[in-house]
Amino acid sequence: MLKPRSTPTRELVNLDGIWRFTVGEQTLDVAVPASYNDLFTDSAIRDHVGWVRYHRQVRVPRGWADERVVLRVDAATHEGKVYVDDVLVAEHAGGYLPFEADITEHVRAGEEFRLTIGVNNELTDTTIPPGTVITTPDGRRQQQYLHDFYNYAGLARSVWLYSRPAVHIEDITIVTELDGTVHYSVETSEPAPVRVRVLDASGTCVAEADGAHGDLRVEDVILWRPGAGYLYDLEVEIADTDVYVQPFGVRTVEVRGTEFFVNGEPFYFTGFGKHEDTPVRGKGHDPAYLVHDFQLMRWIGANSFRTSHYPYAEEVLEFADRHGIVVIDETAAVGLNLAVASGLMGAPPRPTFSPETFGEATREAHARHLRELVARDKNHPSVVMWCIANEPASNEEGARDYFEPLVELTRKLDPTRPVTYAAVIFATHENDRIADLFDVLCLNRYYGWYVATGDLATARVYLEGDLRGWAEKYGKPIIMSEYGADSMPGQHSVWDIPWTEEYQLSYLEANHRIFDRIDAVVGEHVWNFADFQTAPGIHRVDGNKKGVFTRDRRPKAAAHALRARWAGLDGRKPSSVAGE
Ligand code: GCB
C-alpha cells in the first residue's frame, strides 16, 4: 500500500489536531495522533474496553471535483470503522497498520462532511496480538493480555484526506542489486502506459524506462549502507494522469552460514528492542521523539533496532531509511504463548495452539497481518528482516503446524529478506520445534534477571551453554534479540543488587563476555531502549524499567557503558576489533 504523498497529480490534507471524542456517555476534546488512555484524568476512560468514537467536520478542497477522494487512517488500535456522515466506508482489524477508503461517491468538492472513526481496543483469541476480555466481580469489563506493554488504544498515527486521479498508480515494488540493477514493478488501477525514472539525491535522472515491469541500471551506483542511508527516488508516471515518487535504496541482504551480510559484508547488529511509548501520548507518533530517539541511538552507537512488538509508524521507517539505521520489522504477534501467562499467574497450563485456544482463525488473522505488513514496508531499505512473532510457544505441540504456512507465506510475499522469530527462554535448542524453518535465530534471554537473579557468575554459565547449544545444532546466525535488567535510576550499590544502575551495567557486561566468545552471535539488541508503560502488576514499577534510557530519555549508567562498547564498530563484532 502506497504512503499518501503530495505529487504533481495528488494533493494531501492532514487531519491531525483536536477532534471530538465520545466514550460511553461522555464527549470530550481529544488529540490526534495520540493514544487516548493517558490524556484524561478519568480512570474509566483509561481502562475503557470496547468502542470509542472520534469525530470532526472535514471540508473537501474545492479543486478536487474531478479527482478521486481517499481517506487514509495510518492506524486505529485495534479495530477501526470509518463513517462519512452516516455511511460506513471502511472497516479494518489490526491496530498497527494503515487502511483507506475511496469516499468519492459520498462527498462533494468544496463541501463539508462529518467524519467519524470508531475505534475498538478489544483483544480476543483471534486478534493479533491476542487477549481476553473478562468481567470483574463488580461487573466491569476488563481487558487482559499476554504482552508486557500497556494496551494503548485510539488513533495513534495520522489521518489523511488525499486526492488521486481515477486512473492511478496502485502499487510499486522495487528490488535492487549491488551492480546498480533496479528491478521494478508497477500496478495501475487499469492498464495504462507507464514511464519510470530514477533520480539521485540531487534530483538528476540517472536511469529511465518504459513499461510497468522491468529492470533499470544505475551507473556508478551509491549504495545504501548501515550508517549512510543514500536514497534514490523512483518517479513513476502514467501519461497525462498520475505521478508517484517512491524513495528506495540500493542494497542487498543475505544470510550465509552463521553470518548476516548487508551489501556482501558481514554485519553485526548493535542496538535495541524499542517501543512506541512516551509520556502522555502513549503510542502516539511524535516527530520530536523520533528525531531525539535517533540522536540517542547514534550517540550510543546503535546501528539497528527491532520494531518490538508491532509495526511502527511509517515515518519511523522513513527516518531509518534516511539515516542508515537497520531495522528488524516485527509483526504484532506477541503473546502466542499461554505457558508464560499461566507461569506468571499460577494457572494450570493450557495448550497454546489448539482449536479452543490459538487455532485456524488466529493464524488467518496472523497471515492477513503479514500480508499487510509486507505490502506496507517492502520498499524500505532499512528493513533487512521480517520477525513474524515474539516469544511464541515454539516448544509446544502444534507450533510447527501453526508456523510453517506463515513462514512460507512470508517468503512468498518477499523472497528477498530473511525471516526470523524471537524465541522465548523456555524454547531451548532441544525442545524448539520451528527454528529450522527460519534463517536467523533471535533469542530472548534473561540469565541474571528472571533466572539466576543477582548471580552473574551462574548467569554466564547458563547463557554460554544455551547459546552454544543453538549454535552447534543449527549452524545459523544468532542475534540476542532481548537481554536486559530493570533498574531504578538513582539506585546504587557496590554489590550485585538487582534494580541498581550498577547491576544493569554488570548484567549487560556479563552477557557481552559470552557473545564475544561465540562466533555465531551476530548481534546484540538490549531490552529496552527506554523505560515503557505496562499493565499494572507486582513485577513492574510504573512500567518496565529495563530501559537504558528513562521514559523521558535520560541515560542510565548502562548507557555510558554501551556507548564505550559500541563506539566505532561500524557494523563489526566487538571481539573482532578488540586489540586493533
Ligand atoms: C520479554 C518480552 C518483552 C518483555 C521482557 C521483560 O521476554 O519479549 O516484551 O518486556 O521480556 O522485560 O520481561
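Whatever order the structure lists ligands and atoms in, that order sets their numbers, starting from 1. Computed from a predicted structure; not experimentally measured.
Between the side chain of S304 and the backbone N or O of V327, no donor-acceptor pair lies under 3.5 Å. Of the possible polar contacts, none joining the D439 side chain to the P418 backbone as a donor-acceptor pair under 3.5 Å is found.
Among residues two or more places apart in sequence or in another chain, the ring pair (Phe, Tyr, Trp, His ring centres under 6.0 Å) test is passed with H366 by Y402. Residues passing the side-chain contact (heavy atoms from CB on, under 4.5 Å) test with P477, sequence neighbours excluded: V255, V440, V522.
Protein residues with any heavy atom under 4.0 Å from ligand 1: D148, H309, N390, E391, N444, Y446, Y450, E482, W527, F532, R540, N544, K546.
Salt bridge status for K3 with E318: present, with a side-chain N to carboxylate O gap under 4.0 Å.
Evaluation of the side chain to side chain donor-acceptor pair (under 3.5 Å) test over residues 282-292, restricted to residues two or more places apart or in two chains, returns R281-D286, K283-Y310.
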